[in-house]
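Heads up, the thing below is written out as structure tokens.
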Amino acid sequence: MALEPQVKQHATGIIRRLNRTYPEVECALAYQTPLQLLVATILSAQCTDERVNMVTRDLFKKHPTASDLAALSQAEMERLIKSTGFFRNKAKNIRACCETLVRHHGGDVPRDLDQLVQLPGVGRKTANVVLGTAFGMATGVVVDTHVSRLSQRLGMTVRQDPVRIEQDLMAQVPRKEWIGFSHRLIHHGRQVCKARRPLCDQCSLADVCPKRGV
DNA sequence: ATCCCGAGGG
DNA sequence: CCCTCTGGAT
């Protein structure tokens, strides 16, 4: 199914503006290894990145590797990550996830989307972040709450389902831009195109946005 | 569709 | 008080 030329032009204009506005932007989560990015991304569900970084700074200082993290008790892990919310599920998932990595992957993170998604607590969004950011292997566009909201406002999709949204975006955005596009949209969504009160008067995408001022 | 869940903004 | 924050599993 061929894409309308004007749809692709619309996307090109959005990408160009994002790249000019945020030439340096990258992943806002702090990490030193792929394993740490994986854990930080699991913690980032329904939580601000600043809070995740506060928690992981202490967590990774004493427990930097998968085997360190797998060795923590459920109660101790819960205590360390409590302020990120969903702490029971996240603690259980991180422990099981690290246990699996130690047992089946030598404590390393697999560079494979299908294997990543099988890990407890790891969905498509998390897997795309890790592969694209830590390994430089873009397997898709990262679709989180910000990317969903902004791609809808910008008229790049009318879907609600994250998988459908990702398909629409992958068709409009060149592969080499997938990860940068994701991070810039997320950054723009936090700073300007906010969920509650979007700052349309200071938005560098306003001239190509169907929803500007709404 | 629903649950998990703390923290901050308005 | 209500909404939102880089979701995932059931």
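The chains referred to below are lettered A, B, ... by the order of the sequence lines, with proteins before strands, and numbering in each begins at 1.
A heavy atom closer than 4.0 Å to some atom of DNA chain B occurs in A:Gln46, A:Arg51, these being the qualifying members of residues 16-53 of chain A. A heavy-atom distance below 4.0 Å to DNA chain C is reached by these residues of residues 69-88 of chain A, ordered by number: A:Phe86.
Following rounding to the nearest Å, A:Asn93 (CG) and B:dC3 (C1') show an atom-to-atom distance of 13 Å. Distance, A:Arg197 CZ to B:dG10 P: 7 Å, rounded to whole Å. The CG-P distance, from A:Asn128 to C:dG7, rounds to 14 Å in whole Å. Look at NE2 on A:His188: it is 14 Å from P on C:dC5, rounded to the nearest Å. Rounding to whole angstrom units, NZ of residue A:Lys90 and C1' of C:dG7 are separated by 8 Å. The CD1 atom of A:Ile186 sits 11 Å away from the P atom of C:dC5 (whole-angstrom rounding). Counting to the nearest Å, the P atom of C:dT4 and the NZ atom of A:Lys194 are 12 Å from each other.
Comparing C:dG8 with B:dA7, their P atoms sit 22 Å apart, to the nearest whole Å. Straight-line distance between the P atoms of C:dT6 and B:dT2: roughly 25 Å, to the nearest whole Å.
Within the model, atoms CD of A:Gln118 and CG of A:Leu113 stand 10.0 Å from one another, a figure rounded to the nearest 0.5 Å. Here CD1 of A:Ile186 is found 10.0 Å from OG1 of A:Thr145. Values are rounded to the nearest 0.5 Å.
When the side-chain nitrogen and oxygen atoms of A:Arg196 are compared with OP1 and OP2 of C:dC5, none of them lie within a distance under 4.0 Å. Neither OP1 nor OP2 of C:dT6 sits under 4.0 Å from any side-chain N or O of A:His183.
In terms of modelled atom types and a separation under 3.5 Å, the side chain of A:Gln36 and the main chain of A:Gln32 share a donor-acceptor contact.
Within 4.0 Å (heavy atoms only), A:Leu150 reaches no atom of the nucleic acid at all.
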